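Since the structure is predicted, the reported quantities are computational estimates derived from the model, not experimental observations. Read the numbers this way: they start at 1 and go in the same order the structure lists the ligands and their atoms.
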Amino acid sequence: MDLPVVIAGAGIGGLSAALALGAGGHDVLVVEKADELAEVGAGLQLSPNACRVLDDLGVLDSLMPHAVAPGGIRIGSGRTGREIVKIELGERIAARHGAPYLVVHRADLQKALFDRALHQGRIDIRLGSEILEVGDTPDGTLQCHVRSGGVIAQITARALIGADGVWSRVRERVSGHAQAKYTGLTAYRATLPAEKVNGDLLADTGLWLGPDAHLVHYPIRAGREFNLVALVPEKWTEEGWSATADRETLLGHFRAWAPNVRSLLEKPDTWLKWALCGVDAEGPWSDGRIALLGDAAHAMLPFAAQGAAMAIEDAAVLAHLFPRSATDIRAVFRAYEAARKRRVKKVQKTAAENGRIYHLGGPLAVGRDTVMKLMRPDRLSARQDWIYGWTPPR
Ligand SMILES: Cc1cc2nc3c(=O)[nH]c(=O)nc-3n(C[C@H](O)[C@H](O)[C@H](O)COP(=O)(O)OP(=O)(O)OC[C@H]3O[C@@H](n4cnc5c(N)ncnc54)[C@H](O)[C@@H]3O)c2cc1C
C-alpha cells in the first residue's frame, strides 16, 4: 500500500477531493475533527458546473432524490415587494449546460459524498480526528500530528490537502497565504416545514434585494423543507456555523421592507447565524507537499452561490493533475494552483460585486431594478455562462 494522501476536513471540498483522488488510484485518509457529520450549514444552490463534477464522482444520482431543481430565480424588490425579473433555470439551464441546477441541504450533499467515499475502497475516513500540526520527515514525506479522543498519533503522508474550511489550520503551514477576515456581514438562516409556506414559493428560488440586506429562499430536502437565508451588516464575529440568533434583531434589519417579504421572515421562530469571512485567494495555495482547497484557500461571499461549487471544481482539477505515479508533488500542487487561481479570483470578485449591487439603496436601487427589468431574462442568464459552463478536465 502507498503512503496515503491525507485530507484535512470531510466537508464538501474534502470529500469531493477524496473521491476524485481515490478514483485516480490514490490511497486517501480523510481526517475530520467533528465526531459526526451533523446537520451544520444550510441550503446550497448547486449550479451545473458543480453538478457536472458530482456526476463524474458518481454522487449525482444518489443526491437527486433529496434535491429540487427550481424552475427559476425570481428576483424581487424588498422595498416594493414586487417581482423585478424571473431568470429561468429548470430544464432550460440543464439543456443549455448539460447538467442541472439544484438546491439541496448541505447535509444531504455531504452524506451522498460520504456514503460514496465509504464504498469506494481506497478511502479511509476518521471522524473525531483533528490535524494539529504537520512536520517534514528526512525522506521528504510529511508527518501529520492527529488528535483522536485524547490521543495524538503521527501519520506519515505522501501529501496533505487542507480542505479544513474557512478557519483552516493547515493554511498556517502555507506561508504567504492570507488568513480569514470578517466581512462585516452576518448570515441568518432558518428552515421551515414546507407546509408552512405558500406552495408557489416551493417552485423557485426567491431573491429579494434591499438596502444593506437581502433575502434568499428555496425549497430543500426534495421540497419537504423551506430554507431562508438573510444577509445583513453586523459587527458580530464568532467562529462556527450555528450560533443561535435573535429573531427580533433580524426583523429590525427588515423593518422598512414590504409586508409580503417581512411576513416570510416572521414565520420561523428560531434562527441561527454565522459571521461571514473571506479568504483572499491571491497568496500561494501550496507549500511543498501541502495544498489548500475550497474555503481554506479562497472562502468567498455567498452572493454568487459558488463557494461549494469552487471547492468541488478544485477537487476535480487537483485529482486530474495528480497521477498516482507523480513523484514531484510540489510541481503537481503548483500546476493545480496555476490552473485554478484565475477563475476562482474572478468568481470571488463577481460575488463581491453582486453583493454591492444587491444591497444598493435609494435612487441607485431604483436604477438597478429598472436595468434588470429592461434586460431580457435570457441575457441576464447568459451572464452566468462563464461560471455554469465550466467543464472539468478529463
Ligand atoms: C450563507 C451562505 C450561503 C452559501 N450558499 C452557497 C451556495 O448556495 N452555493 C455554494 O456553492 N456555496 C455556498 N456557500 C459556500 C459553501 O458553504 C462553502 O464554500 C463550502 O461549504 C466550503 O466547503 P469546504 O469543504 O471548503 O469547507 P467546509 O464545508 O467548511 O468543511 C471543512 C471541514 O473541515 C473540518 N475541519 C476543520 N478544521 C479541521 C482540522 N484541523 N482537522 C480536521 N478537520 C477539520 C470541519 O469540521 C469541516 O467539516 C454558502 C456559504 C454561506 C456562508
Side-chain angles (χ1 to χ4, degrees), residues 6-18 29-38 40-47 49-51 53-54 70 73 101-107 109-110 113-114 125-134 144-148 160-173 180 183 185-189 205 207 214-216 218 220 227-232 239-242 272-279 292-315 344 347-348 351 355 387:
V6 172
I7 298 179
I12 307 307
L15 289 172
S16 300
L29 170 63
V30 183
V31 176
E32 166 57 52
K33 82 172 172 190
D35 293 328
E36 53 178 340
L37 300 184
V40 290
L44 286 178
Q45 306 188 59
L46 289 175
S47 46
N49 47 317
C51 287
V53 177
L54 294 176
I73 303 182
Y101 190 108
L102 303 177
V103 284
V104 299
H105 194 294
R106 179 182 179 275
L109 173 59
Q110 193 180 24
L113 290 162
F114 184 76
I125 304 179
R126 289 193 204 158
L127 300 179
S129 301
E130 184 181 6
I131 294 270
L132 297 177
E133 278 173 44
V134 193
C144 302
H145 302 238
V146 176
R147 179 168 53 207
S148 307
L160 171 66
I161 315 289
D164 49 345
V166 62
W167 300 287
S168 169
R169 186 143 197 174
V170 174
R171 193 170 53 221
E172 290 163 17
R173 272 295 313 266
T183 59
L185 290 167
T186 295
Y188 284 72
R189 77 169 173 99
T205 290
L207 168 61
H214 80 279
L215 168 68
V216 184
Y218 46 82
I220 51 173
N227 175 67
L228 296 125
V229 182
L231 256 80
V232 296
E239 281 189 17
W241 294 73
S242 298
L272 300 173
K273 69 174 186 175
W274 69 91
L276 295 183
C277 280
V279 174
L292 301 174
L293 179 148
D295 275 11
H298 49 65
M300 59 185 71
L301 285 166
F303 298 101
Q306 284 295 315
M310 289 302 113
I312 293 168
E313 286 187 9
D314 284 352
V344 168
V347 173
Q348 211 174 38
I387 299 181

Compute the shortest N/O to N/O distance between V229 and ligand 1 and return yes if it is under 3.5 Å, no if not. no
Can you check side chain to side chain contact (heavy atoms under 4.5 Å, CB included) on L46 and V103, steps first, answer last? CA-CA 6 Å; L46 289 175; V103 284; over 6 Å; no
Taking N or O atoms only and a 3.5 Å limit, does L44 qualify as a polar contact for ligand 1? no
Find all atoms of ligand 1 within a distance of less than 4.0 Å from any non-hydrogen atom belonging to A163, and give their numbers and elements. 32 (C), 33 (C), 34 (O)
Is there a side chain to side chain contact (heavy atoms under 4.5 Å, CB included) between I125 and L15? Walk through the geometry before answering. CA-CA 9 Å; I125 304 179; L15 289 172; 3.9 Å; yes
Does W167 have a heavy atom less than 4.0 Å from any atom of ligand 1? no
Is there a polar contact between ligand 1 and Q45, counting only N or O atoms under 3.5 Å apart? yes
Y218 vs Q45, test: side chain to side chain donor-acceptor pair (under 3.5 Å). Steps then yes/no. CA-CA 9 Å; Y218 46 82; Q45 306 188 59; 4.8 Å; no
Could I get the full list of side-chain hydrogen bond (donor to acceptor under 3.5 Å, both in side chains) partners for S129, not counting sequence neighbours? S148
Near R106 (heavy-atom distance under 4.0 Å), the atoms of ligand 1 are 21 (O), 28 (P), 29 (O), 31 (O)
Any N/O of R169 closer than 3.5 Å to an N/O of ligand 1? no
Taking only non-hydrogen atoms of S47, do any sit less than 4.0 angstrom from ligand 1? no
Counting from 1, what ligand 1 atoms have a heavy atom of L276 closer than 4.0 Å? 53 (C)
For the 3.5 Å polar cut-off, considering only N or O atoms, please tell me whether A309 and ligand 1 meet it. yes
Apply side-chain hydrogen bond (donor to acceptor under 3.5 Å, both in side chains) to N49 and list each qualifying residue two or more places apart in sequence or on a separate chain. S47, Q306, E313
Atoms of ligand 1, numbered as shown, that sit under 4.0 Å from any heavy atom of A187: 1 (C)
